[in-house]
4 protein chains.
Amino acid sequence: MSPRRRDSEVTAAARAERRAELLATAAEVFATRGYASTTVREVADAAGMLGGSLYYHFDSKESMVDEILSAFLTDMWDAYERVLAAGHGPRRTVEELVAESFRMIDRHRPAVVIYQNEARYLEATGPRFAYLTESRRRFREMWLSVLDRGVLEGVFRAGLDTALAYRFIRDTVWVAAGWYRAGGRLGAAEIARQYVAMVLEGILADRGETGRSG
Amino acid sequence: MSPRRRDSEVTAAARAERRAELLATAAEVFATRGYASTTVREVADAAGMLGGSLYYHFDSKESMVDEILSAFLTDMWDAYERVLAAGHGPRRTVEELVAESFRMIDRHRPAVVIYQNEARYLEATGPRFAYLTESRRRFREMWLSVLDRGVLEGVFRAGLDTALAYRFIRDTVWVAAGWYRAGGRLGAAEIARQYVAMVLEGILADRGETGRSG
Amino acid sequence: MSPRRRDSEVTAAARAERRAELLATAAEVFATRGYASTTVREVADAAGMLGGSLYYHFDSKESMVDEILSAFLTDMWDAYERVLAAGHGPRRTVEELVAESFRMIDRHRPAVVIYQNEARYLEATGPRFAYLTESRRRFREMWLSVLDRGVLEGVFRAGLDTALAYRFIRDTVWVAAGWYRAGGRLGAAEIARQYVAMVLEGILADRGETGRSG
Amino acid sequence: MSPRRRDSEVTAAARAERRAELLATAAEVFATRGYASTTVREVADAAGMLGGSLYYHFDSKESMVDEILSAFLTDMWDAYERVLAAGHGPRRTVEELVAESFRMIDRHRPAVVIYQNEARYLEATGPRFAYLTESRRRFREMWLSVLDRGVLEGVFRAGLDTALAYRFIRDTVWVAAGWYRAGGRLGAAEIARQYVAMVLEGILADRGETGRSG
DNA sequence: AATGAATGAGGCTTCATTCAT
DNA sequence: GATGAATGAAGCCTCATTCAT
């Protein structure tokens, strides 16, 4: 951009920034208290304004979550697409998808929590949130395709129930958003590394000596 | 029981049965719609009565969830205690704890879902649900103790981050309640077996040839 | 009906009666204060209950006016149809339509006032009130047809601007709802008689001697 | 005015003009949407500015209608006074009052509509709009006096219910503001002529052969 | 003159709960 | 045991108004 902006640019940018701030605040509150049981007044309190004032910036409480979740999902799918486009083998792809997921948790933690906890409720709310259903379907397809290929290529265990493994990974990764705190003991990358290790190799000390069933 | 009951016994038993029925209904609805966003009227509808009528049986909506969760947690801890009391080694203990957990999901699925989704909200509600916090603490301690012992005894990988592994297992197992359907493709026991296999051994085909990091 | 009703019949009848009472109250208030500027609380006050209680009986404020206006229009069109079906000549038809209209004002005064004042606003509210527009169209067609026939048959003045006369009559008759009070000096029938006289013959003492004015 | 104005004069004139523009816009919107259900923002939109900006020109939404209605009523009474001062007989006076009224509708259509629809509401608002009540009283007195004189002098039908006839004329004339569109098929003068004809002579083709009742 | 952001009162509506029958 | 009607608190949202810029 040129060093000289017109007023409207400055204004539009300032407004966008304010919206983003408010959305970040709202996301935090929704994630902590739950969307349905968060009152608009609580969000406003957290933002240092009165309840009605939020409606200068947003149409409704619903449009706030909508924007929060849309932004997150857009960002997430961009990242996933980049990984898939790289054309790695199944194992590396799994590693990178997991790493990317933890990066998402790092950047959009509240949004991820909201997605985990409220998606089903929001979808039942009407067609506005149909894209959540769609995202879930696409997510499942992506993972199944990677896992199936891995089994086919002999990288993953023969006979692996990929539908089950998919859920295993999905739950494992995303639920982490519930307890992850940025700046905690472990960084997102390190957590991702360890998760991947567990998923790929399990927790047993030595596999050779270990029978499979209990 | 004796072959002759007094009326009050019959009545008490019938009443208890009716309560149980109603609680099962309520649990189903709470699990599906979310506790906070389920109305008492919805529960009553599902039970084939009018909203106010539920108050003949229960003090409040809150006391319904309370009873649902208490029953579940009591049952769960009884089972866990039996496993721990058996004195198996770490691996077998893990296997049985996981199996027991899936049995719980099988028997108390709605309660488990409610527990997963609403515990945090309910705890914030007041001291009435302090036992949920306590249960979580106890659960964590139990698992950490098993995992730590496993590492110490060389059954689990040296250097395993047990705090992380604990969360890994916890999430992995319990979130399953969200998608598990009794009578589906796989029985609870089979799912448990496969989960345990993944947790213990990972999904890789052959560990010997596989480096640990990505 | 048989002298013995089942409970459900009694209940349903009682409920319908209560609804009718409440609607009558609401209509009165809407007519007096205007629909948009009447608060639900005002309606409830007038009905001797609290604001929220109205929602046990009705879905919304909007559905209240809806029911009020629908009932009125249904009744009105039934009456008009009977008049038209009688097959009288234009003059008698006009007389009876006017008489019927004043009977409507007598029976549905608040509804008529609401219709006069709020129809345009309500129509702008969405498709729910499209039937108001439709009713207006049908009303206009009915009157134009009667007036045109009257001119054709030489009963009404040649050269009469029937579109203008239609509005003249329409306004003349219906706006009366705004000031008419049941049990006032004149009954509905007497008012109708005098209105018809004015419409048909004007207010001049003697027509023969009177030029039409420039 | 002198050929040389001071700045303050220019400014004052410009300001007055802007106010008049804005009031015309506001009147249009109030007439179309209804005063109570029109938001200040809607008025501002129509004027091409933001909601808050109107408050530079006006104290409140209320003061806008106030000014609109006052201007109209002042103009109207000036015209009526001129007619009355001319000292014509009853019939000519009626003709000219009606003609004057249609001229008012032509010039102040939105104000007339607002007056018709909102007067009652505004009067209930407090003493500020007491002049509306007063105007109505004065209007009624003026007409009754003309009509009564007409009956006394034998110009109007003996036995005419002048209270009823007054309302008949009032409604007939003013409600026309609701549908009148400047530049339509008929000019204000022509509409006035036909209205007067209907009021004075009715719509019947031939009075001699026509009995008065139905 | 006008903007942009915020205020705060008040409106419609929902819902857990109560209670007479 | 259950119903039907009502309560009253609280939630989301609207909107006239204010004010610093």
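Residue numbers begin at 1 in each chain, while the letters A, B, ... track the order of the sequences.
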Quiz item: Which atom pair, heavy atoms only, marks the closest approach of B:L23 to B:I68?
Solution: O-CD1, 3.8 Å
Quiz prompt | Closest contact, heavy atoms only, D:S135 versus D:L73 | solution = OG-CD2, 3.7 Å
Exercise. Provide the distance between the two C1' atoms, one in F:dT21 and one in E:dA1, to the nearest whole Å.
Key: 12 Å
Measure the distance from [atom1] on [X] to [atom2] on [N] and round it to the nearest whole Å.
| X | N | atom1 | atom2 | result |
| --- | --- | --- | --- | --- |
| C:D45 | E:dG11 | CG | P | 11 Å |
| A:R19 | E:dG4 | CZ | C1' | 14 Å |
| D:Y56 | E:dG4 | OH | P | 18 Å |

Pairing residues for [X] by the side chain to side chain donor-acceptor pair (under 3.5 Å) criterion, not counting sequence neighbours:
| X | value |
| --- | --- |
| D:Q116 | none |
| C:R128 | C:E62, C:D66 |
| C:T25 | none |
| D:T133 | D:E123 |

Self-check item: ring pair (Phe, Tyr, Trp, His ring centres under 6.0 Å) partners for D:Y35, two or more places apart
Solution: D:F30
Self-check item: Counterpart residues, ring pair (Phe, Tyr, Trp, His ring centres under 6.0 Å), relative to A:F72 (two or more places apart)
Solution: A:H108
Exercise. With sequence neighbours excluded, give me every side-chain hydrogen bond (donor to acceptor under 3.5 Å, both in side chains) pair touching residues 47-58 of chain D.
Key: none
Self-check item: Toward the 5' end of DNA chain F, by each residue's nearest nucleotide, C:L22 or B:L54
Solution: B:L54
Self-check item: Boundaries of the DNA chain F segment in contact with chain D, non-hydrogen, under 4.0 Å
Solution: F:dC15 to F:dT18
Quiz item: Which residue pairs pass the salt bridge (charged side-chain N to carboxylate O under 4.0 Å, His left out) test with at least one member in residues 46-58 of chain A, sequence neighbours excluded?
Solution: none
Quiz item: salt bridge (charged side-chain N to carboxylate O under 4.0 Å, His left out): which pairs involve residues 25-52 of chain C, sequence neighbours left out?
Solution: C:E28-C:R109, C:R33-C:E42, C:R41-C:D45
Self-check item: Global bending angle along the helix from E:dA2-F:dT21 to E:dT21-F:dA2, which compares the axes of five pairs at either end, to 10 degrees
Solution: 20°
Between the protein and nucleotides 13-16 of chain E, list every N/O to N/O distance that falls short of 3.5 Å.
unit_1	atom_1	unit_2	atom_2	d
E:dT13	OP2	C:Y55	OH	2.3
E:dT13	OP2	C:K61	N	2.9
E:dT13	O5'	C:Y55	OH	3.2
E:dA16	OP1	B:T38	O	3.2
E:dA16	OP1	B:K61	NZ	3.3
E:dA16	OP2	B:V40	N	2.5

